[in-house]
Each structure stands twice: as C-alpha cells, then as structure tokens.
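Below, each value reflects all heavy atoms present in this structure, side chains not excepted, and no hydrogens, waters or symmetry copies. Start at 1 and go down the list; that is how both ligands and their atoms are numbered.
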Amino acid sequence: MKHYTSIHDIDDMGNWIEEAKALKANPLKHVELGRNKTIGLLFFNSSLRTRLSTQKAALNLGMNPIVMNVSGDAWGIEFGDGTVMNGTTAEHIKEAAAVVSQYCDIIAVRAFPTLTDKVKDESEQVLKSFVKYASVPIVNMESATGHPLQGLTDALTISEHAQVSKPKVVLSWAPHTKALPHAVANSFVQAMQKMDVEFVIANPEGYDLNPEITGDTPIFHNQKEAFKDADFVYTKNWSSYESYGKVIKKDSDWMITKDEIGKAKFLHCLPVRRNVVVEDAVLDSDSSLVIQQANNRTYAAQLVLKKLLENL
Ligand code: CP
C-alpha cells in the first residue's frame, strides 16, 4: 500500500481487523519500526481524536510526530493550476508538498469539504494534490468525502463487540444544528460493505447519501423500521447530498433515544451534541460504545502507519 486515502485501500478487512486487535494487545511490539522516521500531521480543520490518536499511534511505532494547524499557522496554500497568485494565497501546493516531503517520511492531511461546491468537493482537490505533489505516502485524516481512519476504527469496534456471527448494523442519520460533511457516513458505509454484517441505512427523505457509495445497501426512510432487531446503531448527522450541503430537517424526531435503540449498542465517531443527536440516557448507559470506539482510533491509525512504514 502506497497511500491510505480511502477504505478501498484495505485489501482484506478481516485480516486488517485481526492485525489491529494484535496491535491493541501489544501496542509497543513494533516500536523499532518507525525509529528515526517522522510523520507530519497537517490540519486544515479542527480535531481532537484524530490529532491525538494519530500521534499516539506514531509514538507507539517509535516515530516522531510533528503537527501543524495549516489554516491558522501556515501561508495560505494555492491548489489551482496556473493561477495568478495575486490574491490571498501565498504558496503553491507544488512547493508546499515537496518541501514537507523533505521533512517527513509520511504526511497525514485533514481537509474538510466546502459543502457548497459538490464538484469541487468530489474532486478531493486538497488530498489528491498532496498525493500528486508529495514524494512520500499520504494518509487521509478526513477529506471532503471520506474518513477512512474512522471507518477502519468502526469496523474494529463492531468486530470486538459482536455477539452473533452476522450482526445487524444500522447507520442512522440524526439531527444537528449545522450542515455537516458526508465523509464519516461514506467511509462507514464502505467499511460495512466489506464486513460480514446485515447492514442497512436509515435517513429521512432528502438525505440519501451518494448512490455510488451506498450501492445495493438497503435505505429506510422510517427509523423505527430500520432499528428492528438491530445489534448496533451507528449514528451520524450529514447534510443533504441531493440538495448539496443544505440542512432540510432539524426537528428532533430522528434523535436517538433509549426507547428506540432498545438492546442495540450505540456508536458515534464523536464529537456528539448531547440531546440534539442522541439523548443523555443513551450516551450515559452501558449501550454506548463511543469511548471504546475512540480508543480504537489509535490502533486503526497504528495499523495504517505500520503498513506504510513496512512499504517505505
Ligand atoms: N471522530 C473524529 O475524527 O474526531 P475529531 O474530529 O475530533 O478528530
């Protein structure tokens, strides 16, 4: 594997999950693998889990992490080809990616979508520009359309907590005050499509995800119906894909409640808005796996970095 930009970079989900479990059992086993290697973590957007867990993963492999808030602290980066740079951007990605490649053996990038320009967002201009102009492996720490470190984490967490051989997993939309990206939901769909689970999606009318990603996965517009016999309910808000980036529903009838999820385990990538997305009674109960899920971010990232280091 040269880069990790998408769930499609996972060649065998079952093997990857077993490898991640082995790393979790013995996190420092490969502490010499990354000795004298540096990873640069470049954040165009905010983060708590990704920022800390990816550093922890790198440290467990003996790597030196360096972190930069690109939007706040670096020169404004230009991504357009042939642009006359007489506006706000001061440095072109061609130089920026080449320069950072000299300091780092792996570069990880977080760059969210505009949610106003579907074509631009789906072109993955920032992530793909790093892949094109850097000379080292690139890791996607959440791009316009995908969050594959989160998707791998979620697959690991479901595998660890499954009580039956083929659990029923529901991805449910829930309300939110702001327009949010589709990246987490997209990567979760792609991860579940690689697992031996009964997987369905529940979202209101007007919130169907990109059909090129959902493919044959059943979509319910009735949450209660979708939740029947669920073993896991994975909740996430996303803005409309069809009416791109718009919030077309805000009322609380799709908020996740204890009554509704019944015996199912609750997952969410975090951060989560309490009593908007999900009620306290769920998050504060034994049904919630969100803390264990966030812990697994370290081992998912560690597995990805290990595979990239082995290929350097
Ligand atoms: N789940 C996740 O990616 O969290 P952060 O945005 O805090 O990194």
Side-chain angles (χ1 to χ4, degrees), residues 4-7 9-10 20 24 39-60 65-73 106-115 121 124 126-127 138-158 160-161 171-174 176-192 209 232-239 256 265-274 276-278 282-283 288-305:
Y4 184 71
T5 59
S6 150
I7 289 289
D9 292 319
I10 299 174
K24 188 173 178 178
I39 181 168
L41 309 181
L42 306 183
F43 286 91
F44 288 83
N45 306 94
S46 305
S47 170
L48 187 151
R49 279 143 292 274
T50 306
R51 182 171 173 150
L52 298 183
S53 65
T54 310
Q55 287 185 77
K56 174 80 175 172
L59 291 166
N60 283 349
I66 51 179
V67 186
M68 186 168 208
N69 294 321
V70 181
S71 296
D73 297 341
I106 296 173
I107 300 173
V109 181
R110 166 167 281 199
F112 288 174
T114 63
L115 290 182
D121 290 346
E124 289 283 13
V126 176
L127 185 71
I138 300 299
V139 175
N140 179 354
M141 295 195 297
E142 189 172 343
S143 65
T145 65
H147 194 355
L149 290 175
Q150 184 68 54
L152 176 57
T153 300
D154 301 334
L156 169 62
T157 310
I158 285 172
E160 283 180 329
H161 291 273
L171 167 64
S172 179
W173 182 93
H176 200 281
T177 53
K178 289 171 60 182
L180 296 190
H182 310 97
V184 169
N186 287 344
S187 290
F188 185 72
V189 171
Q190 291 167 331
M192 290 306 103
L209 292 162
F232 296 94
V233 170
Y234 190 104
T235 302
K236 183 73 185 83
N237 171 271
W238 58 87
S239 53
I256 307 298
K265 294 290 185 190
F266 175 81
L267 294 122
H268 189 285
C269 64
L270 303 181
V272 67
R273 291 191 182 224
R274 282 174 172 255
V276 174
V277 173
V278 53
V282 174
L283 278 174
S288 175
L289 296 178
V290 298
I291 305 302
Q292 296 94 318
Q293 189 182 354
N295 185 39
N296 280 341
R297 289 296 307 272
T298 297
Y299 308 106
Q302 194 171 334
L303 177 60
V304 168
L305 298 184

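Nearest heavy atom pair, residue Ser46 against residue Arg110, reads O-NH1, 2.8 Å. Summarising the geometry of Ser288 relative to Val282, their closest heavy-atom pair is CB-O, 3.5 Å, with the distance given to 0.1 Å.
Counting the atoms of ligand 1 from 1 in the order shown, those under 4.0 Å from a heavy atom of Leu270 are 1 (N), 2 (C), 4 (O). Listed by number with element, the atoms of ligand 1 under 4.0 angstrom from any heavy atom of Cys269 are 1 (N). For ligand 1, the atoms closer than 4.0 angstrom to any heavy atom of Leu48 are 5 (P), 7 (O), 8 (O). Per-residue contacts place His147 under 4.0 angstrom from the following atoms of ligand 1 (heavy atoms of the residue considered): 2 (C), 3 (O).
Between the side chain of Ser187 and the backbone N or O of Gly151 there is no donor-acceptor pair closer than 3.5 Å.
With contacts defined as side-chain heavy-atom distances shorter than 4.5 Å, the pair Leu267/Ile158 qualifies.
In Lys56, the NZ atom is not crowded: 12 or fewer heavy atoms of neighbouring residues, nucleotides or ligands sit closer than 6.0 Å.
Heavy-atom distances between Met141 and ligand 1 stay at or above 4.0 Å for every pair.
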Requested in this report: Please test Leu305 against Gln302 for side-chain contact (heavy atoms from CB on, under 4.5 Å), starting from the C-alpha separation and ending with a verdict.
Outcome: CA-CA 5 Å; Leu305 298 184; Gln302 194 171 334; 5.9 Å; no
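The nearest protein atom to atom 4 (O) of ligand 1, hydrogens excluded, is given as Arg49 NE, 2.9 Å; this is a heavy-atom distance. Of all protein heavy atoms, the one closest to atom 2 (C) of ligand 1 is Arg297 NH1, 3.3 Å.
Nearest to atom 6 (O) of ligand 1 by heavy-atom distance, out of Glu142, Arg110, Arg51, is Arg110.
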